[in-house]
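These notes are about the structure you will find just below.
What you are looking at is a predicted structure, and each value in this text was computed from that prediction instead of being measured.
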Amino acid sequence: MGRGGVGSTRSEFLAEDSVDDIRYHRNGGCFVTTKRAIAFVLVAVISLLLVVILMYYYGPSRKLETLQDDTKDIEELINKTINEEPEENIRLPTNLKPLHYRLRIFPILDEFSPENFTYTGEVKIIIRCLTKTNKIVLNLEDLEVTEHNVTVSTLKTTILRYESLDKESDKDQPEIYMKNSTHNSSVIIVESENNSTDEILIGAEAKSLIIQEVYKEDNSKLYITMKNLLESGHNYTINVKFSGNITNNLAGFYRTSYKDLLGEKKWLATTYFQPIFARRVFPCFDEPNFKSSFEISVARRTNMTVRSNMPLRETEPIPERPGWVWDHFDKSLPMPTYLLSFTICDFHNLHLNSSETGPVINLWAPQSDLPKAKYALEAAQSILIFLEDYLGIKYPLPKIDLLAVPNFARGSMGSWGVLSFQKSSILLEENSRNWELKQHIFIALAHALAHQWFGNLVTMKWWNDLWLNEGIGSFIAEVVQTSLKPRWQSSNDFPVRVMYKSFSLDSLKSTHPIQTDFTKTVQIEQIFDTIIQSKGTSLIRMLNYTLSRPVFRQGLQYYLNSLYVIYYTGCARNRAPMFLAFIVLEICYFRVNYDTHNWNLLTRQLFLNPSEIPVASRSQLIDDAFELAQMEIINYSIPLRLTKYLTWKESNYIPWTTALSSLEEIRFIINNYEYTGAFERYMTLLIRHKFDSLGTREKPGESQNDKILRWKLIKIACELRYEPCIRWAQKEFSEWMENADPDTKNPIPFEYRQTVQCIGIKTGSLHEWNFLWNRTLVPQISPADLKIAYLSLGCTHDPWLINKYLELSLSGNITLEYIPYVWQSINHLVGIRTGFHFLRLNWERVYNSYEDVDLVLNSICQDFLAYLSTEIDLQDLTQFYKLHQKDLKSVATLMQAAVDLIKIRISWRERHLNSVVAWLTNK
């Protein structure tokens with residue numbers, strides 16, 4: 001048959017086409033051998049199996065399971081960190097008791113000296129031996145002490161005593177003879193002719209005792225081992241010479257600086273000893289139960305001044321150091337080491353006499369700040385007079401110094417006779433009408449002055465009773481506000497300012513009792529938290545109302561006079577038969593729930609006439625309802641429906657504050673979800689009417705309540721991007737920028753500055769950001785304005801600007817006191833993502849900069865990391881903690897609280913998002 005016919009064989013076909021044509025000129029597809037085909041099939045099967053395996057282990061469900069495991073892992077890691085540290089022997093033996101300290105400190109604040117920012121010192125401690133021992137133990141940390149600079153001595157005295165002799169029993173004794181001779185003293189007895197007994201010291205000689213060994217243990221204690229036993233009932237003197245560094249970490253004895261109006265840097269050194277930082281400065285018995293008197297001498301240059309607890313007794317030139325003098329201060333009343341205070345500075349002062357016979361009140365500050373001292377001086381005078389009357393005991397010292405300290409760790413520290421403050425907590429522009437700052441300063445003063453009695457005059461034995469010290473001190477400050485500033489409504493808004501914060505933290509797994517046993521020094525260093533302060537104050541307030549105010553006041557006076565207190569934690573729970581059973585002043589430390597019928601009745605009452613329910617109780621209803629809904633005890637429709645009455649019926653700022661705070665927390669949790677817009681629209685509808693009616697300017701003769709409500713509504717309206725608020729804020733910021741002298745003339749009312757500046761930065765460009773940053777570099781900027789500027793610069797939503805801001809904070813451009821405000825300012829959605837990325841990339845630099853600065857590390861945990869909110873955030877935080885577990889050991893408990901808050905937000909979305917969305921849809 002012809003070519004290509006059906007009868008052609010395969011060989012014939014191949015013969016007619018060359019092999020090369022078959023290989024290189026195919027048009028009919030791909031051909032493989034059988035072996036290759038089998039291999040391809042096997043590869044495909046294996047690949048399919050691999051995909052199945054990978055999907056099983058790394059697919060979405062496994063990722064979720066891994067994430068859950070990681071979540072558990074971080075809790076386990078943190079708990080392990082907290083629990084694995086061995087218990088420390090943190091207490092001192094009680095066989096010795098300090099009676100008196102004679103302390104001399106010679107600090108060097110001289111940039112041109114090789115010894116700059118160092119000091120030498122000597123302390124003589126008179127102690128009483130209570131039980132026999134051959135070992136003296138002192139607290140000491142980061143100090144240089146050598147064995148040859150430690151001595152122990154006793155005073156051998158000779159006393160002449162006149163006393164009547166019993167002729168029968170003493171008939172064999174001479175008229176003059178020795179009695180009670182010991183290694184401490186000898187007594188010469190002389191017969192008295194008038195039956196009186198008198199003693200005269202006729203000789204005293206110091207006798208050195210033999211020291212067997214001097215050594216340190218774990219850099220926290222100094223041990224002095226004596227060759228012979230110290231005798232019970234005898235006094236001894238320990239003398240230690242030492243040296244140390246004036247640090248820059250805001251604790252112990254630290255240095256700081258400020259710039260005068262000419263831009264020249266001025267150095268000063270000050271102390272912050274609470275709770276256990278005195279041991280970083282001199283060897284001592286650094287526990288609150290060891291109260292003793294102090295005599296302090298501090299060397300200084302003649303162009304400086306020294307302030308300490310007591311008045312200056314004399315100034316003595318130092319012959320071998322021209323231009324230097326010793327300042328010697330009066331002997332103090334007995335007090336614990338943490339209340340000791342001394343500051344070397346070039347400050348100037350203004351003063352007032354509190355009364356004709358009362359103490360002199362001085363406010364010390366840089367000279368340029370003295371015009372801002374008047375309000376605090378006058379407030380301190382009125383508070384002191386009130387406290388002396390309320391507590392029934394006169395202030396026991398002859399003077400009070402108020403120090404405005406640049407770069408201070410806390411808002412205030414109420415050492416005896418010296419009250420140190422952050423400048424923003426004590427200084428106010430003369431003739432200022434700024435009610436917000438006035439209230440802040442007044443509260444800070446009232447709290448610090450209350451501690452002159454509670455904490456100073458009477459002191460807890462150990463730090464586990466700090467809640468009582470802080471609780472009573474803070475409550476007395478509340479009494480002062482209520483009595484002297486009734487327009488502030490401090491009694492009604494106490495739950496909003498204090499109690500609700502405590503409720504929130506007390507609900508976390510990481511909470512702790514207010515009275516806690518400590519096993520590590522780091523636990524004591526971190527003791528000043530919201531639980532201790534807010535819960536302690538709430539319980540003392542509850543006791544005040546439960547016992548009645550007159551009875552409680554009498555109890556406080558008795559406590560001060562006898563150092564005795566009765567602990568009382570009960571609270572009356574008498575139920576009335578009506579739905580207003582608990583609608584009284586919120587004084588008890590618990591929440592209240594109602595059945596659905598009573599919730600409906602209460603809601604109806606709020607819509608009809610809310611004034612029938614006291615204002616504090618309206619606030620309580622809202623807060624309780626949101627918290628009970630979060631705990632799944634009631635449905636979220638109940639608190640959300642409660643808020644609707646606010647628009648037309650509520651004119652008091654306290655219920656508004658409570659509602660907006662709860663709504664803001666929900667908005668933060670659901671931020672970046674598709675439902676955020678609907679929720680923000682509801683919040684905008686809620687506030688719009690009240691915002692529009694109050695406006696953005698203060699009206700003549702309006703109440704304090706309206707001022708506060710306007711301030712809060714403006715803040716939230718701009719956060720919600722309500723157009724009239726945004727336009728107003730941008731206009732205010734622009735007018736400030738256009739001012740010819742923006743550093744001395746800021747037209748924005750103070751209470752609105754943070755909101756306006758935040759919006760200006762958020763909606764502006766680099767131009768606006770640089771303008772505000774440049775204001776922080778001007779020496780005459782007020783401390784309050786500087787704080788606001790730092791809180792506003794982080795409002796930008798440009799990641800590169802956030803990175804620049806954090807870089808500036810790490811480069812020494814911002815003082816340590818203000819670094820926490822940088823991290824607080826970026827706890828918004830963009831800031832959290834950008835800031836956490838920066839923190840992970842730059843952790844080594846961050847840690848090296850702030851390793852010893854608890855203020856900053858604590859703030860990064862509490863004010864930044866605690867605002868992470870998603871599953872991915874938690875996973876990233878877990879990896880971060882795993883990598884830096886050793887570095888984060890000191891803040892492990894704060895990390896634990898941050899993890900609790902993150903998990904609550906994650907859980908909230910799972911449990912409550914649908915019900916909230918349903919309510920928004922159907923409302």
Side-chain angles (χ1 to χ4, degrees), residues 257-265 406-407 423-424 715 718-719 721 725-839 841-842 845-846 849 856 863-864:
S257 64
Y258 70 94
K259 289 185 178 179
D260 63 17
L261 293 180
L262 298 177
E264 183 181 349
K265 180 181 282 189
N407 223 15
K423 291 174 69 176
S424 60
K715 183 178 184 298
C718 283
E719 280 288 322
R721 301 184 299 280
C725 190
I726 296 294
R727 287 198 305 269
W728 164 79
Q730 290 173 329
K731 180 174 178 292
E732 293 282 313
F733 194 81
S734 295
E735 288 178 356
W736 183 32
M737 290 182 66
E738 292 165 4
N739 196 302
D741 187 9
D743 296 313
T744 58
K745 296 178 181 178
N746 186 341
I748 308 168
F750 180 85
E751 57 266 34
Y752 308 140
R753 284 180 187 175
Q754 186 174 338
T755 297
V756 168
Q757 291 174 194
C758 186
I759 293 300
I761 295 300
K762 185 187 296 186
T763 62
S765 64
L766 178 61
H767 178 59
E768 283 77 13
W769 199 94
N770 282 337
F771 169 82
L772 187 56
W773 171 255
N774 289 334
R775 305 286 71 73
T776 70
L777 305 178
V778 177
Q780 64 262 36
I781 185 172
S782 74
D785 277 327
L786 188 59
K787 174 182 175 180
I788 289 173
Y790 287 137
L791 286 170
S792 303
L793 283 164
C795 291
T796 177
H797 281 200
D798 289 327
W800 73 272
L801 267 180
I802 293 171
N803 279 311
K804 176 182 178 179
Y805 190 29
L806 293 173
E807 190 63 45
L808 286 167
S809 74
L810 266 181
S811 305
N813 292 278
I814 301 173
T815 56
L816 290 175
E817 174 188 334
Y818 293 99
I819 297 295
Y821 302 133
V822 175
W823 290 94
Q824 289 174 31
S825 72
I826 62 170
N827 60 16
H828 52 80
L829 191 63
V830 177
I832 288 169
R833 302 286 171 265
T834 308
F836 193 26
H837 183 67
F838 179 93
L839 188 67
L841 287 178
N842 296 279
R845 293 172 59 211
V846 171
S849 298
V856 176
D863 302 322
F864 178 71

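- The aromatic rings of Trp769 and Trp773 sit parallel, their planes meeting at an angle under 30°, below the 60° perpendicular limit.
- Sulfur-sulfur distance for Cys725 and Cys718: below 2.5 Å, consistent with a disulfide.
- Ring geometry for Tyr818 against Tyr790 counts as tilted: the plane angle lies between 30° and 60°, on a 0 to 90° scale.
- Listed by chain and number, the residues in a side chain to side chain donor-acceptor pair (under 3.5 Å) with Arg727 amount to none (sequence neighbours excluded).
- Residue His797 places its NE2 atom among more than 12 non-hydrogen atoms of other residues, nucleotides or ligands, all under 6.0 Å distant.
- Side-chain contact between Ile826 and Leu806 is present, with at least one heavy-atom pair separated by less than 4.5 Å.
- The CD atom of Glu817 sits 8.5 Å away from atom CG of Leu786, with the distance rounded to the nearest 0.5 Å.
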Assess whether side chain to side chain contact (heavy atoms under 4.5 Å, CB included) is satisfied between Phe838 and Leu810, documenting all intermediate values.
CA-CA 11 Å; Phe838 179 93; Leu810 266 181; 3.9 Å; yes

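- Distance check: Glu719 CD to Cys795 SG gives 7.5 Å after rounding to the nearest 0.5 Å.
- Applying the ring-ring contact (aromatic ring centres under 6.0 Å, His included) test to Phe750 and every residue at least two apart in sequence or in another chain returns nothing.
- Look at Lys731 and Glu735 and you find a salt bridge, because one of the NZ, NE, NH1 or NH2 atoms lies within 4.0 Å of a carboxylate O, short of that distance.
- Judged purely by atom type and a 3.5 angstrom limit, Asn827 uses its side chain to pair as donor or acceptor with the backbone of Gln824.
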